[in-house]
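Everything below concerns the one structure shown next.
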Amino acid sequence: FSASDRAAGLPTSALVSKEFARRLGGENIVGRRLRWGGSPLEILGVVGDVHDQRFQDDLPGLYLLNFRLEHINYFVVRIAGDTAPFLPAMHRTLEAQDPFIKVTMTADMHKLVSQSRADERFSAFLSVAFAFAALGLAGLGFFSVTTYVIRCRRQDTAVRIALGATAGDIRRLLSRELVLILAFGTILGLPLAY
């Protein structure tokens, strides 16, 4: 921004983010004019993108000189070490620059990022919990089917043992039947689950 921009009462120039430029049709938009709030703005340059509060999506940004939001402005200050001793001096400095500035809230960026990720962490926790519940139900189902098949084949198994079948023969017979039932259940269940 130049001194003439600062002297003007209304915003006459703007910086835009890369995402804003992309939505306007590309990176080569410096010098282009657009209307904002009834007054023409000249685009002076393209700056980096910012992310939304979930730190995922690039938001289109428009930065104006001589423009004051009535409700909220954000100042981001990088401090090496503990922030607590620095905050009163920062409040005094900002209020000395402009009597209309009132600092109403301060927050540590690490805490803000952590809070913004809380929903994702909770969703991930729920997904893992439901996955373990599904695994438990599948295991219970497998156990139930195995028990049911063995009980249904009890008389047949006794006859086979009486006729000379070995324990390995009985295991192979029951295993083959269980594999067929599980394969059928998987073929039927996967599309339904999807």
Side-chain angles (χ1 to χ4, degrees), residues 16-27 46-63 69 71-87 103-194:
V16 296
S17 68
K18 288 181 181 177
E19 178 63 18
F20 195 105
R22 188 187 66 74
R23 293 187 187 190
L24 281 180
E27 298 270 338
V46 179
V47 297
D49 286 324
V50 295
H51 301 284
D52 68 1
Q53 291 181 351
R54 296 174 64 86
F55 298 95
Q56 293 174 337
D57 303 318
D58 292 330
L59 296 177
L62 177 70
Y63 304 97
L69 273 175
H71 302 294
I72 299 173
N73 273 317
Y74 294 102
F75 292 91
V76 181
V77 180
R78 185 176 195 152
I79 301 168
D82 185 21
T83 57
F86 181 77
L87 294 178
V103 180
T104 57
M105 184 189 85
T106 55
D108 184 273
M109 188 61 75
H110 295 294
K111 289 179 185 171
L112 289 176
V113 171
S114 178
Q115 289 169 0
S116 75
R117 297 287 190 200
D119 289 343
E120 293 174 17
R121 280 195 300 271
F122 183 67
S123 298
F125 170 77
L126 281 182
S127 297
V128 169
F130 283 126
F132 275 110
L135 191 62
L137 285 173
L140 182 63
F142 178 73
F143 174 77
S144 300
V145 167
T146 303
T147 305
Y148 176 75
V149 167
I150 290 171
R151 282 192 179 167
C152 288
R153 300 295 299 261
R154 188 182 298 165
Q155 286 182 342
D156 180 45
T157 303
V159 170
R160 287 174 186 272
I161 290 172
L163 293 174
T166 64
D169 294 334
I170 301 299
R171 272 197 297 272
R172 278 192 292 279
L173 175 69
L174 293 175
S175 297
R176 188 169 44 244
E177 192 167 336
L178 284 172
V179 166
L180 287 174
I181 291 172
L182 288 174
F184 176 74
T186 302
I187 291 169
L188 187 65
L190 282 178
L192 290 175
Y194 180 75

Enumerate, atom names and distances included, each donor-acceptor pair closer than 3.5 Å involving a side-chain atom of residues 170-180, sequence neighbours excluded.
from	atom 1	to	atom 2	distance (Å)
Arg172	NH2	Asp169	OD1	2.5
Ser175	OG	Arg171	O	2.7
Glu177	OE1	Arg153	NH1	2.2

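Distance check, rounded to the nearest 0.5 Å: CZ of Arg160 to OG1 of Thr166 gives 11.5 Å. Interatomic distance, Phe142 CZ to Leu182 CG, rounded to the nearest 0.5 Å: 5.5 Å. Note that OG of Ser17 and CZ of Arg22 are 10.0 Å apart. Values are rounded to the nearest 0.5 Å. One finds the OG1 atom of Thr186 at 11.5 Å from the CD1 atom of Ile181 (value rounded to the nearest 0.5 Å).
Within 6.0 Å of atom CZ in Arg154, 12 or fewer heavy atoms from other residues, nucleotides or ligands are found, so the atom counts as exposed in its surroundings.
Remark: Phe86 engages Val77, Ile79, Met90 in a side chain to side chain contact (heavy atoms under 4.5 Å, CB included) (not counting sequence neighbours).
Annotation: salt bridge (Lys or Arg N to Asp or Glu O under 4.0 Å) contacts involving residues 179-189, sequence neighbours excluded, are absent.
Under the 4.5 Å side-chain criterion, counting only non-hydrogen atoms from C-beta, Arg151 is in contact with Thr147. Counting heavy atoms from C-beta on, the side chains of Tyr63 and Val16 never come closer than 4.5 Å.
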